[in-house]
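The structure appears right after this line, and notes come after that.
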Amino acid sequence: MSLTGRKKRKIGKRMKAGNNTFKIYTPVKKFYPKGNLVGYLASFFGILGILSCIISRITQSDIALIIGLVSTTCMLLIFIGCIPLAISATFRYQTLPGDLNGKVTFNIDDITVNDKLFELDKISKITFSLVDYKGLYIGRRGGLDGRKSQGIENTFSLYINDNEITYQFQLLYKGQIKEIREQLIQYHLAGKLHFLHLTDLLEITKYEEIQEFKQQLPTGLK
């Protein structure tokens with residue numbers, strides 16, 4: 001169906017459930033164990049072992065010597081135990097320090113976040129920042145946390161009455177945002193989403209494709 005044909009649909013019509021709904025991510029302030037803590041623990045035992053051995057040589061203390069040997073042994077055991085964790089980190093997802101209990105639904109004439117409805121005509125501007133998607137490999141060095149992204153570093157912002165409201169949301173795969181192509185086009189035609197931002201979200205990058213897409217848009221802002 002052409003874009004013009006899509007424009008003829010009723011503005012208030014909802015898309016099929018699921019295609020236009022994404023999970024909202026909310027950070028939670030509580031302790032989440034991470035792999036780099038293991039490194040800190042190993043370093044602690046290593047330093048303790050060295051200091052204990054030095055003290056033992058100076059004072060000829062058997063207790064200090066025992067502490068040094070035990071600490072060094074603990075450090076070595078930690079490092080040995082970390083080997084399989086470090087290897088498996090490539091295949092594991094990173095720690096999720098929050099919840100994915102919320103949801104956002106992008107409709108033609110509104111955006112609904114959980115139970116809060118934002119009508120399109122009340123929004124002055126909409127922006128997106130897409131950083132990752134679930135399963136994206138993170139080339140992060142050090143630590144034992146998973147190297148596969150949870151896809152939660154993406155945000156969208158709504159500007160209403162000079163106030164900016166920003167939400168973090170999850171993308172399950174690359175290009176998932178194009179599932180709401182029709183809504184994004186409508187947001188642009190309503191003057192809420194900049195044309196260049198629209199083409200960037202839809203991954204239309206070549207000059208010829210941009211010009212062709214621009215000509216295919218229904219009458220409205222271009």
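- Connection of Phe195 to Tyr207 is not established within any shared hydrophobic cluster, with ILVMFWY side chains joined at heavy-atom distances below 4.5 Å, either directly or through further cluster members.
- Between Ile180 and Asn19, the closest side-chain pair of non-hydrogen atoms is not below 4.5 Å.
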Yes or no on side-chain contact (heavy atoms from CB on, under 4.5 Å) for Lys192 and Leu120, after CA distance, side-chain angles and deciding distance? CA-CA 8 Å; Lys192 317 298 181 181; Leu120 187 60; 3.7 Å; yes

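- At a threshold of 4.5 Å between non-hydrogen side-chain atoms, the residues Gln176 and Glu179 count as touching.
- Here Ile204 pairs with Thr199, Leu202, Glu209, Ile210, Phe213 under the side chain to side chain contact (heavy atoms under 4.5 Å, CB included) rule; sequence neighbours left out.
- Closest approach of His197 and Ile126 over heavy atoms only: CD2-O, 4.2 Å.
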Evaluate the side-chain contact (heavy atoms from CB on, under 4.5 Å) criterion for residues Arg181 and Leu201: first the C-alpha distance (whole Å), next the side-chain angles of each, then the deciding distance (0.1 Å), finally the verdict. CA-CA 9 Å; Arg181 174 188 176 97; Leu201 293 172; over 6 Å; no

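- In this structure, Lys148 is not positioned above the aromatic face of Tyr137 in the sense of NZ or CZ being under 6.0 Å from the six-membered ring centre and within 45° of the axis.
- Note that Lys23 lies outside the cation-pi zone of Phe169, set by a 6.0 Å cut-off to the ring centre and a 45° limit from the axis.
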Q: Could you check Gln150 against Lys134 for side-chain contact (heavy atoms from CB on, under 4.5 Å), going step by step and ending with a plain yes or no?
A: CA-CA 5 Å; Gln150 292 280 2; Lys134 190 171 184 179; 4.1 Å; yes

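- In this structure, CG on Leu158 lies 13.5 Å from NZ on Lys122, to the nearest 0.5 angstrom.
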Worked verdict on Ile165 versus Phe118 for side-chain contact (heavy atoms from CB on, under 4.5 Å): CA-CA 11 Å; Ile165 307 174; Phe118 298 97; 3.8 Å; yes

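- Contact of the Leu193 side chain with the Thr127 side chain is not registered, since no non-hydrogen atoms from C-beta on lie closer than 4.5 Å.
- A heavy-atom distance below 4.5 Å is found between the side chains of Ile160 and Ile123.
- Minimum interatomic distance between Leu130 and Leu171 (heavy atoms only, all atoms of both residues): CD2-CD1, 4.0 Å.
- Listed by chain and number, the residues in a salt bridge (charged side-chain N to carboxylate O under 4.0 Å, His left out) with Lys178 are Glu203 (sequence neighbours excluded).
- Each of Thr112, Thr105, Asn107 was compared with Asn20 under the side chain to side chain donor-acceptor pair (under 3.5 Å) criterion, and only Asn107 meets it.
- In summary, the aromatic rings of Phe106 and Phe128 are positioned with their centroids under 6.0 Å apart.
- Between the side chain of Gln170 and the backbone N or O of Phe22 there is no donor-acceptor pair closer than 3.5 Å.
- For the salt bridge (Lys or Arg N to Asp or Glu O under 4.0 Å) condition, no pair includes a residue of residues 150-164, sequence neighbours left out.
- For Ser124 (side chain) and Tyr159 (main-chain N/O), a donor-acceptor pair under 3.5 Å exists by modelled atom type.
- In this structure, Ile185 and Leu198 approach most closely via the heavy-atom pair N-CD1, 4.0 Å.
- By the ring pair (Phe, Tyr, Trp, His ring centres under 6.0 Å) test, Tyr173 is found to be paired with no residue, residues two or more places apart in sequence or in another chain being considered.
- Other residues, nucleotides and ligands contribute at most 12 non-hydrogen atoms within 6.0 Å of the CG atom of Asn161.
- The backbone N or O of Val104 lies less than 3.5 Å from no partner atom in the side chain of Asn114, so there is not a single donor-acceptor pair.
- Annotation: side chain to side chain contact (heavy atoms under 4.5 Å, CB included) contacts of Tyr25 (sequence neighbours excluded): Pro27, Leu96, Pro97, Leu100, Ile152, Gln168.
- Atom OG of Ser149 sits about 3.5 Å away from atom CG of Asp132, to the nearest 0.5 Å.
- With hydrogens and angles left out, the side-chain atoms of Thr166 and Ser157 include a donor and acceptor closer than 3.5 Å.
- For Tyr133, the ring pair (Phe, Tyr, Trp, His ring centres under 6.0 Å) criterion is met by no residue, not counting sequence neighbours.
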